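Down below is the structure, laid out as structure tokens.
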Amino acid sequence: MHAAPSILFYLDFISPFAYLANSQLPAIAYRHGARIEHRPIDVQQAKLATGNFAPSTRSIPDKARFIRRDRLMWAERYGLAMRDPKSFRAPRLNSGLLYAADHGLAQAYTDAAFYRVWGLGGDPDDEGLLRGVCGELGWDAETFLEHVASEPARQRYEDLQRQASREGIFGVPMMVVGEHMFWGNDRLAHLEEC
């Protein structure tokens, strides 16, 4: 009997395209008997680690307008709500995904967090948003917040960031199956073919 194939899913909750990809990945994994391993990273750090010092898309008005229209078209195609978030910092929300994985709830956490950030336009670094995710998953918010603020949790998240850099992860969403890497929501068909 063969082990279920893994899809390594590198994401950052500040990425609208990771939100879009997340809405489709579970069905793709299910159709092919694969499992998703969620790997949260800081996309800005990933870019810098690979030598990408280009300005943020948000700071280039023409590109930002195009990307916004593009992601809204994808959201409409997938039947998703999409609103701009209140900020673009998500260290605790990202780190919390590792806590969720330890509790067997990575996908539920990812769905709840992405919906609050991109579906509702929340602030990914707001404690109220984090508490809302905890409430949806039935967790004690104080325990969760204490965990994501702890040194071991920060170190684990940083270790994952360094590992992603060594593996050549330069952006999100990045899906990896074996030796094959797929970058972007628009590469999901290629991922499925793989």
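Positions are given from 1, in the same order as the sequence printed here. As the structure is a prediction and not an experimental result, all values here were calculated from the model.
Side chain of Thr110 to main chain of Ala106: a donor-acceptor pair is present (N/O by atom type, distance under 3.5 Å, no hydrogens or angles). Under a 3.5 Å cut-off, the side chain of Gln45 and the backbone N or O of Gln161 do not form any donor-acceptor pair. The main-chain N or O of Ala149 is found under 3.5 Å from a side-chain atom of Arg154 such that the two form a donor-acceptor pair. Side-chain atoms of Tyr109 come within 3.5 Å of backbone atoms of Leu93 as a donor-acceptor pair (strictly under, hydrogens ignored). Although no hydrogens or angles enter the test, the distance criterion places a donor-acceptor pair under 3.5 Å between the side chain of Arg116 and the main chain of Gly132. Formation of a donor-acceptor pair under 3.5 Å by the Asn22 side chain with backbone atoms of Phe114 is not found in this model. Counting only distance, with no hydrogens or angles, the side chain of Arg131 and the backbone of Ala141 share no donor-acceptor pair below 3.5 Å. Side chain of Tyr19 to main chain of Val117: no donor-acceptor pair is present (N/O by atom type, distance under 3.5 Å, no hydrogens or angles). Although no hydrogens or angles enter the test, the distance criterion places no donor-acceptor pair under 3.5 Å between the side chain of Asp12 and the main chain of Ser15.
Separation of the Trp183 and Phe170 ring centroids falls under the 6.0 Å cut-off.
Minimum interatomic distance between Ala90 and Ile14 (heavy atoms only, all atoms of both residues): CB-CG2, 3.9 Å. The shortest heavy-atom contact between Phe9 and Ala18 is CZ-O, 3.8 Å. Looking at every heavy atom in both residues, Gly184 comes nearest to Met175 through O-CE, 3.6 Å. Considering all non-hydrogen atoms of both residues, Asp123 and Ser87 come closest at OD1-OG, 2.6 Å. The shortest non-hydrogen separation linking Arg83 to Gly119 is NH1-O, 2.7 Å. The shortest heavy-atom contact between Ala113 and Phe13 is CB-CE2, 3.5 Å.
At least one cation-pi condition fails for Arg71 and Trp74: the charged atom is not both under 6.0 angstrom from the six-membered ring centre and inside a 45 degree cone around its axis.
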Test ring pair (Phe, Tyr, Trp, His ring centres under 6.0 Å) applied to Tyr99 and His147, step by step: CA-CA 8 Å; Tyr99 179 91; His147 174 79; 4.9 Å; yes
Check against side-chain contact (heavy atoms from CB on, under 4.5 Å), Phe88 and Asp125: CA-CA 8 Å; Phe88 291 93; Asp125 202 36; over 6 Å; no
Step-by-step side-chain contact (heavy atoms from CB on, under 4.5 Å) determination, Met174 to Arg39: CA-CA 10 Å; Met174 181 78 72; Arg39 299 202 172 174; over 6 Å; no
Asp84 vs Trp118, side-chain contact (heavy atoms from CB on, under 4.5 Å): CA-CA, chis, key distance, verdict: CA-CA 6 Å; Asp84 292 343; Trp118 287 100; 4.3 Å; yes
Steps toward side-chain contact (heavy atoms from CB on, under 4.5 Å) verdict (Ile169, Val176): CA-CA 9 Å; Ile169 304 302; Val176 179; 4.1 Å; yes
Audit row: Arg156, Asp159, salt bridge (Lys or Arg N to Asp or Glu O under 4.0 Å) steps and yes/no: CA-CA 5 Å; Arg156 185 175 174 198; Asp159 289 347; over 6 Å; no
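Hydrophobic clustering (ILVMFWY, side-chain heavy atoms < 4.5 Å, transitive): Leu48 and Leu160 are in distinct clusters. Both Leu191 and Tyr78 are members of a single hydrophobic cluster when ILVMFWY side chains are connected at heavy-atom separations under 4.5 Å. Grouping the Ile, Leu, Val, Met, Phe, Trp and Tyr side chains by contacts below 4.5 angstrom, directly or via other members, places Leu72 with Phe66.
The 12-atom threshold is not exceeded at CZ of Arg77, counting heavy atoms of other residues, nucleotides or ligands nearer than 6.0 Å. Annotation for Gln155: atom CD counts as buried by contact number, over 12 foreign heavy atoms lying within 6.0 Å. The environment of Glu37 atom CD is dense: over 12 non-hydrogen atoms of other residues, nucleotides or ligands sit within 6.0 angstrom.
In this structure, CG in Leu188 is found 10.0 Å from CZ in Phe182, a value given to the nearest 0.5 Å. In this structure, the separation between CD on Glu192 and CD1 on Ile7 is 9.0 Å, given to the nearest 0.5 Å. Distance check: Leu8 CG to His180 NE2 gives 12.5 Å after rounding to the nearest 0.5 Å. Rounding to the nearest 0.5 Å places CG of Asp62 at 12.0 Å from CD1 of Ile67. Atoms CD and CD, on Glu158 and Glu151 in that order, are 7.0 Å from each other to the nearest 0.5 Å. Remark: Gln163 CD to Tyr10 OH distance equals 5.5 Å, nearest 0.5 Å.
Here the side chains of Pro26 and Gln107 are in contact, with some heavy-atom distance below 4.5 Å. Residues Leu130 and Leu145 have side chains in contact (heavy-atom distance under 4.5 Å, counting atoms from C-beta outward). By the 4.5 Å heavy-atom criterion applied to side chains, Arg187 and Asn185 are not counted as neighbours. A 4.5 Å side-chain heavy-atom check between Lys86 and Asp126 finds every atom pair outside the cut-off.
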